[in-house]
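Contents: one structure, followed by commentary.
One is the number of the first residue; the rest follow in order along the sequence. In this text the structure is predicted, and so the values were computed from the model without any measurement.
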Amino acid sequence: MIATPLYEGFIPPEQIDQALRGFNGFHPLGRVGTASDVASATTFLLSDQASWVTGAILNVDGGVMAGRN
């Protein structure tokens with residue numbers, strides 16, 4: 001789960017934070033992701049620091065995939 005304005009389309013704005021907090025336990029890191037979390041990973045991949053990264057899957061998911069069997 002990533003907190004974005006998308007949820008405003010089907011959750012009343014005053015209930016969004018509470019609804020998303022309900023998913024905190026789903027993520028091993030204990031919180032819902034933010035657009036900034038995704039942007040930071042994207043910025044890294046676009047940077048020279050990732051110039052040797054090829055064919056990798058970068059899970060930007062708060063540890064969800066790492067916790068699956």
Yes or no on side chain to side chain contact (heavy atoms under 4.5 Å, CB included) for Q15 and Y7, after CA distance, side-chain angles and deciding distance?
CA-CA 10 Å; Q15 295 177 12; Y7 299 105; over 6 Å; no
Of the non-hydrogen atoms in [X] and [Y], which two are nearest, and what is the gap between them?
X	Y	result
V32	A3	CG1-N, 3.7 Å
M1	H27	N-NE2, 3.1 Å
G63	P28	O-CG, 3.2 Å

Hydrophobic clusters here meaning ILVMFWY residues chained together by side-chain heavy-atom distances under 4.5 Å, can you tell me if [X] and [Y] are in one?
X	Y	value
F10	I16	yes
L58	V64	no
F26	L29	no
L6	V38	no

Sequence neighbours excluded, which residues qualify as side chain to side chain contact (heavy atoms under 4.5 Å, CB included) partners of D17?
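If we apply the side chain to side chain contact (heavy atoms under 4.5 Å, CB included) test to D17, skipping adjacent residues, the hits are R21.
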Output all residues satisfying side chain to side chain contact (heavy atoms under 4.5 Å, CB included) with E14, sequence neighbours left out; order by chain, then residue number.
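Scan of E14 (side chain to side chain contact (heavy atoms under 4.5 Å, CB included), adjacent residues dropped) gives P12.
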Out of curiosity, [X] [atom1] to [Y] [atom2], how far, rounded to the nearest 0.5 Å?
X	Y	atom1	atom2	result
S36	I2	OG	CD1	10.5 Å
I11	Q18	CD1	CD	10.5 Å
R31	L20	CZ	CG	12.5 Å

Can you list everything that forms a side chain to side chain donor-acceptor pair (under 3.5 Å) with T34? Sequence neighbours excluded, please.
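Partners of T34 under the side chain to side chain donor-acceptor pair (under 3.5 Å) test: D37.
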Main-chain N/O of D61 paired with N59 side-chain donor or acceptor, under 3.5 Å
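No; judged by distance alone, with no hydrogens or angles, the pair does not exist.
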